[in-house]
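What follows is a short report on a single structure.
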Amino acid sequence: MMEGIKEKLNFILQKHHGKQDGLIPILLEIQKEFGYLPKEAMLEVAKFLGKNPMDIWGVVTFFNHFRFTPLGKNHIKVCLGTACHLAGGRLVLEALERELNIKVGETSPDGQFSLE
């Protein structure tokens, strides 16, 4: 892990030292700092809390709020609620996936676009 990232991560973890219910707040703070949850950070959180890394993975995959890749410079969110669905939201999403050559939750290889 790069030194600057490790320093920021250690600062976040130390703020939560001794708190028993700290997993979600720690993960949210890490994502706020880095824009996503780096794999190395999740491993450090598991070590810090004395938990199995798979337990951490289970939590972060349960909540759709967490991201595992950095957002692109241009983050695109497509509404798929009822009104948006009726107005063709799914078609817009499919067109964006084709045009950008990425799926929902991914970032383009050049880091320019992410799709949600």
Side-chain angles (χ1 to χ4, degrees):
M1 189 180 314
M2 293 174 30
E3 195 58 39
I5 292 174
K6 190 166 181 77
E7 287 176 17
K8 289 178 182 179
L9 181 59
N10 285 336
F11 179 75
I12 292 169
L13 293 175
Q14 290 311 311
K15 285 189 342 186
H16 293 273
H17 186 69
K19 297 180 181 175
Q20 294 300 316
D21 60 346
L23 179 58
I24 300 292
I26 289 171
L27 294 172
L28 288 171
E29 195 168 341
I30 291 169
Q31 181 163 286
K32 183 178 179 184
E33 178 67 35
F34 299 108
Y36 72 109
L37 291 175
K39 179 182 175 184
E40 298 83 5
M42 289 188 284
L43 292 172
E44 288 296 319
V45 169
K47 192 183 326 179
F48 177 76
L49 295 175
K51 296 190 177 286
N52 184 315
M54 290 308 294
D55 293 337
I56 306 301
W57 181 252
V59 170
V60 298
T61 56
F62 179 78
F63 294 101
N64 66 1
H65 177 76
F66 293 113
R67 290 184 294 278
F68 306 107
T69 57
L71 291 177
K73 182 177 179 182
N74 302 287
H75 181 62
I76 303 168
K77 294 174 101 175
V78 179
C79 172
L80 295 178
T82 303
C84 297
H85 177 72
L86 293 174
R90 174 63 58 194
L91 296 173
V92 170
L93 179 62
E94 291 170 0
L96 284 166
E97 286 179 332
R98 278 192 311 276
E99 184 66 29
L100 299 173
N101 199 28
I102 59 174
K103 298 287 183 194
V104 170
E106 295 179 346
T107 300
S108 62
D110 63 4
Q112 289 298 305
F113 299 97
S114 56
L115 188 57
E116 186 176 341

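In this text the structure is predicted, and so the values were computed from the model without any measurement. Position 1 is the first residue of the sequence, and the numbers go up from there.
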Determine whether Leu80 and Arg90 satisfy the following criterion, side chain to side chain contact (heavy atoms under 4.5 Å, CB included), listing intermediate values before the conclusion.
CA-CA 7 Å; Leu80 295 178; Arg90 174 63 58 194; 3.6 Å; yes

(request) Would you please indicate yes or no on a ring centroid separation below 6.0 angstrom for Trp57 and Phe68? (result) yes

The single option from Asp55, Leu23, Leu13 that satisfies side-chain contact (heavy atoms from CB on, under 4.5 Å) with Leu49 is Leu23

Neighbour count >12 (heavy atoms, 6.0 Å) for atom NE2, His85:
no

Notebook entry, point to check: Backbone N or O of Thr107 within a donor-acceptor pair of the Ser114 side chain at under 3.5 Å?
Noted result: no

With side chains defined as the heavy atoms from C-beta onward, is the minimum distance between Leu27 and Phe63 less than 4.5 Å? no

Apply side chain to side chain contact (heavy atoms under 4.5 Å, CB included) to His16 and Glu29, showing your working. CA-CA 10 Å; His16 293 273; Glu29 195 168 341; 2.9 Å; yes

query = So do the side chains of Phe48 and Ile26 get within less than 4.5 Å of each other, counting heavy atoms only?
reply = yes

The reported gap from CE in Met54 to CE in Met42 (rounded to nearest 0.5 angstrom) is 10.5 Å

- Message: A quick test of your reading: do over 12 heavy atoms of other residues, nucleotides or ligands sit less than 6.0 Å from CG of Asn64?
- Response: no

Could you tell me whether a side-chain N or O of Thr69 sits under 3.5 Å from a main-chain N or O of Glu106, the two making a donor and an acceptor?
no

Discussion item. Quick check: is Leu37 connected to Phe62 through a chain of hydrophobic side chains (ILVMFWY, heavy atoms under 4.5 Å apart)?
Written reply: yes

*For Gln31 and His65, indicate whether the former's side chain and the latter's backbone hold a donor-acceptor pair under 3.5 Å.*
yes

Checklist line | Minimum side-chain heavy-atom gap Val104-Glu97 below 4.5 Å | finding: yes

Worksheet item: Would you say the side-chain atoms of Gln14 pair up with the backbone N or O of Phe11, donor to acceptor, closer than 3.5 Å?
Response: no

Within the 4.5 Å heavy-atom criterion, are Leu93 and Leu115 side-chain neighbours or not? yes

Closest heavy-atom pair, Ile30 versus Pro38, reported as atoms and distance to 0.1 Å, is CG2-CD, 4.2 Å

Check: Would Leu9 and Leu43 show up in the same hydrophobic cluster when neighbours are defined by side-chain heavy atoms closer than 4.5 Å?
Finding: no

Rounding to 0.5 Å, atoms NZ (Lys103) and CZ (Arg98) come to a distance of 9.5 Å

Practice prompt. For Arg67 and Gly105, indicate whether the former's side chain and the latter's backbone hold a donor-acceptor pair under 3.5 Å.
Written response: no

**Message:** Run the side chain to side chain contact (heavy atoms under 4.5 Å, CB included) test on Thr61 and Phe66 for me, step by step, so that the C-alpha distance in whole Å, both residues' side-chain angles and the decisive distance to 0.1 Å come before the verdict.
**Reply:** CA-CA 7 Å; Thr61 56; Phe66 293 113; over 6 Å; no

**OP:** Answer whether the closest heavy-atom distance between the side chains of Ile56 and Lys51 falls below 4.5 Å.
**Re:** yes

Any non-hydrogen side-chain atom of Ile12 less than 4.5 Å from a side-chain atom of Glu33? yes

Handout entry: Check: Asn74 side chain, Phe113 main-chain N or O, donor-acceptor pair, under 3.5 Å
Key = no

Check the hydrophobic clustering (I, L, V, M, F, W, Y; side-chain heavy atoms under 4.5 Å; chains of links allowed) and say if Ile102 and Tyr36 are grouped together. no

Between Leu71 and Gly35 the two heavy atoms that sit nearest each other are CG-O, 4.3 Å

